[in-house]
Amino acid sequence: MPSLPRPGLPFLLRSLAVAALTLLTACAGEAPDAAPSKLVITGSSTIAPVISDIARRFESEHPGTRVDVQTGGSSRGLADVRQGLADLGMVSRAPKDGEDDLQWHALARDGLALIVHADNPASALREEQVRAIFTGAIDTWAQLGDELSTFDEPITVVSKAEGRSTLEVFLDHFELTAPEIAADVIIGDNQQGIKTVVGNPYAIAYVSIGTAEFEASQGTPIQLLDLGTITASTDAVRRGDYPIARTLHLVTADEPEGLALTLLDYARSAAVADLIEGQFFVPLAP
């Protein structure tokens, strides 16, 4: 059998150079300490709009970085962080017993507001009236008397789905349990509640004060009901006057580091206080 020609020196040198470059590229791509350029944040629909605003500003100041913000409720945020599916979770309530395995980082203050259509003659409800409406003891607006005595229409009760922090805060404040709620419509996020009220002049729902004030400022035909003699407003939350208030949190599985820590510090700084106030929340940063 004739012998094959042996490759020349130039060919061997080129082959070695290509192999070395390939190895260096592979090693660089596998470097364990390479800085991540993407963050995933999931959870509360109450917090998501302001975190999305913060994320866009953060991305503009950190070219090449991407922040993916997804909703699904506070329960999802907690679960995703525990399972490693999200870098940060958005949770619109205080931590519960058994949740000290996570790191909780306060972001802002918010409240819960009862909302009705802008054409509804109601302006305020007492706490006992709220309980009666949401348990079905009162089922028409006229039964509330006063300025509603001629508004003889059935009340459409809109409540949040299980796993939503807004529901938990509502139940806790009014000392109710989920089975006691006589809901006609079950919704997930705040926007669903607002759309339901916009489309039904006889509906009542409870949503984030910040979200409701923002929508009303944009011309959405809703109104926030005072709770007794206390105005439902961000200013009342800021003063500490409004009784249904809560702290909005970002949570992490461990002490944050790297890009997650950079974003977390940024989200809790005075640099984005205007974005938090622009969504009608009360920033905690100086």
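Values below: all heavy atoms of this structure, side chains included; hydrogens, waters and symmetry mates excluded. For the single chain, residues carry numbers from 1 onward in sequence order.
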Show your working on side chain to side chain contact (heavy atoms under 4.5 Å, CB included) between I204 and L125 and close with a plain yes or no.
-> CA-CA 11 Å; I204 183 171; L125 289 174; 3.7 Å; yes

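- Minimum heavy-atom separation, A106 to T247: CB-CG2, 3.8 Å.
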S45 vs M90, side chain to side chain contact (heavy atoms under 4.5 Å, CB included): CA-CA, chis, key distance, verdict = CA-CA 8 Å; S45 63; M90 301 175 287; over 6 Å; no

Please table the atom pairs, donor to acceptor, closer than 3.5 Å between any side-chain atom in residues 213-220 and protein atoms at least two apart or in another chain.
unit_1, atom_1, unit_2, atom_2, d
E213, OE1, T234, N, 2.8
E213, OE1, T234, OG1, 2.3
E215, OE1, T220, OG1, 2.8
E215, OE2, Q191, NE2, 3.1
S217, OG, F214, O, 2.6
T220, OG1, E215, O, 3.1

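- Transitive grouping of hydrophobic side chains (ILVMFWY, heavy atoms separated by less than 4.5 Å) keeps I47 and L85 in distinct clusters.
- Contact between V169 and R246 at its shortest, heavy atoms only, is CG2-CD, 4.2 Å.
- The side-chain heavy atoms of V116 and I222, taken from C-beta on, include no pair separated by under 4.5 Å.
- Note: E128 CD to I133 CD1 = 10.5 Å, rounded to the nearest 0.5 Å.
- Contact of the S92 side chain with the E168 side chain is not registered, since no non-hydrogen atoms from C-beta on lie closer than 4.5 Å.
- Evaluation of the salt bridge (Lys or Arg N to Asp or Glu O under 4.0 Å) rule for E153 yields no partner, not counting sequence neighbours.
- Considering all non-hydrogen atoms of both residues, T196 and Q192 come closest at OG1-O, 2.8 Å.
- Applying the ring pair (Phe, Tyr, Trp, His ring centres under 6.0 Å) rule to H105 yields no partners; only residues at least two apart in sequence or on another chain are considered.
- Remark: side-chain polar atoms of T211 are not paired, donor with acceptor, to backbone N or O of V207 under 3.5 angstrom.
- The backbone N or O of A236 lies less than 3.5 Å from no partner atom in the side chain of D241, so there is not a single donor-acceptor pair.
- Judged by distance alone, the side chain of Y242 and the main-chain N or O of L112 form a donor-acceptor pair under 3.5 Å.
- Here the side chains of T46 and T166 are in contact, with some heavy-atom distance below 4.5 Å.
- Side-chain atoms of D100 and P95, non-hydrogen and from C-beta on, never get closer than 4.5 Å to each other.
- The CD1 atom of I115 sits 11.5 Å away from atom CD1 of I209, with the distance rounded to the nearest 0.5 Å.
- Between atom CG of residue L263 and atom CD1 of residue I54 there is a gap of 8.0 Å, rounded to the nearest 0.5 Å.
- L107 contributes atom CG, which lies 10.5 Å from atom CG of L88 (distance to the nearest 0.5 angstrom).
- Between R93 and D172 no salt bridge is recorded (no basic side-chain N to carboxylate O distance below 4.0 Å).
- Within the 3.5 Å criterion, the main-chain N or O of A94 finds no donor-acceptor partner in the side chain of H249.
- Judged purely by atom type and a 3.5 angstrom limit, E61 has no side-chain atom pairing as donor or acceptor with the backbone of F58.
- The closest donor-acceptor contact from the side chain of D110 to the backbone of G210 lies under 3.5 Å.
- Not a single donor-acceptor pair under 3.5 Å links the side chain of D146 to the backbone N or O of L148.
- Taking the side chain as every heavy atom from C-beta outward, L78 and L102 approach each other to under 4.5 Å.
- No donor-acceptor distance shorter than 3.5 angstrom exists from the side chain of T252 to the backbone of E255, with no hydrogens or angles considered.
- Side-chain heavy atoms closer than 4.5 Å link hydrophobic residues (I, L, V, M, F, W, Y) into clusters, and following such links, even through other members, never connects L176 to V158.
- Side chains of P221 and V198 form a contact here, defined as non-hydrogen atoms less than 4.5 Å apart.
- Counting only heavy atoms from C-beta outward, the side chains of L167 and S159 approach each other to under 4.5 Å.
- A side-chain donor-acceptor contact under 3.5 Å links W104 to the backbone of E99.
- No continuous path of hydrophobic side-chain contacts links L114 to V185 [ILVMFWY only; heavy atoms under 4.5 Å].
- For the atom pair L259 CG and L264 CG, the distance stands at 11.0 Å (nearest 0.5 Å).
- Of the candidates V251, D87, L261, P256 forms a side-chain contact (heavy atoms from CB on, under 4.5 Å) with just one, namely L261.
- Cluster membership check: V81 does not share its hydrophobic cluster with L39, using side-chain heavy-atom separations under 4.5 Å among Ile, Leu, Val, Met, Phe, Trp and Tyr.
- Across all non-hydrogen atoms, the minimal contact from V157 to A182 is CB-O, 3.6 Å.
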Let me check something: any side-chain donor-acceptor pairs from residues 271-285 under 3.5 Å, sequence neighbours excluded? List them with distances.
unit_1, atom_1, unit_2, atom_2, d
D274, OD1, R57, NH1, 3.0
D274, OD2, R57, NH2, 2.9
Q279, NE2, D53, OD2, 3.0

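- Among pairs with a residue in residues 153-179, those fulfilling ring pair (Phe, Tyr, Trp, His ring centres under 6.0 Å) read F134-F170, F170-F174, F170-Y206, at least two apart in sequence or across chains.
- Taking all atoms of both residues into account, the shortest heavy-atom contact from R76 to T42 is NH2-CG2, 3.8 Å.
- How far CD of Q129 is from CG of L227: 10.0 Å, rounded to the nearest 0.5 Å.
- Applying the salt bridge (Lys or Arg N to Asp or Glu O under 4.0 Å) test to D139 and every residue at least two apart in sequence or in another chain returns nothing.
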Give the intermediate values and the outcome of side chain to side chain contact (heavy atoms under 4.5 Å, CB included) for residues E59 and V67.
-> CA-CA 7 Å; E59 289 172 339; V67 183; 3.9 Å; yes

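- Each of L171, N190, I186, D189 was evaluated against K160; a single residue qualifies, N190, per the side-chain contact (heavy atoms from CB on, under 4.5 Å) test.
- When all heavy atoms of K38 and V40 are compared, the pair lying nearest together is CE-CG2, 4.0 Å.
- Side-chain N or O atoms of D226 include none that pairs as donor or acceptor with a backbone N or O of G228 at under 3.5 Å.
- The shortest distance between side-chain heavy atoms of K195 and I187 does not fall below 4.5 Å.
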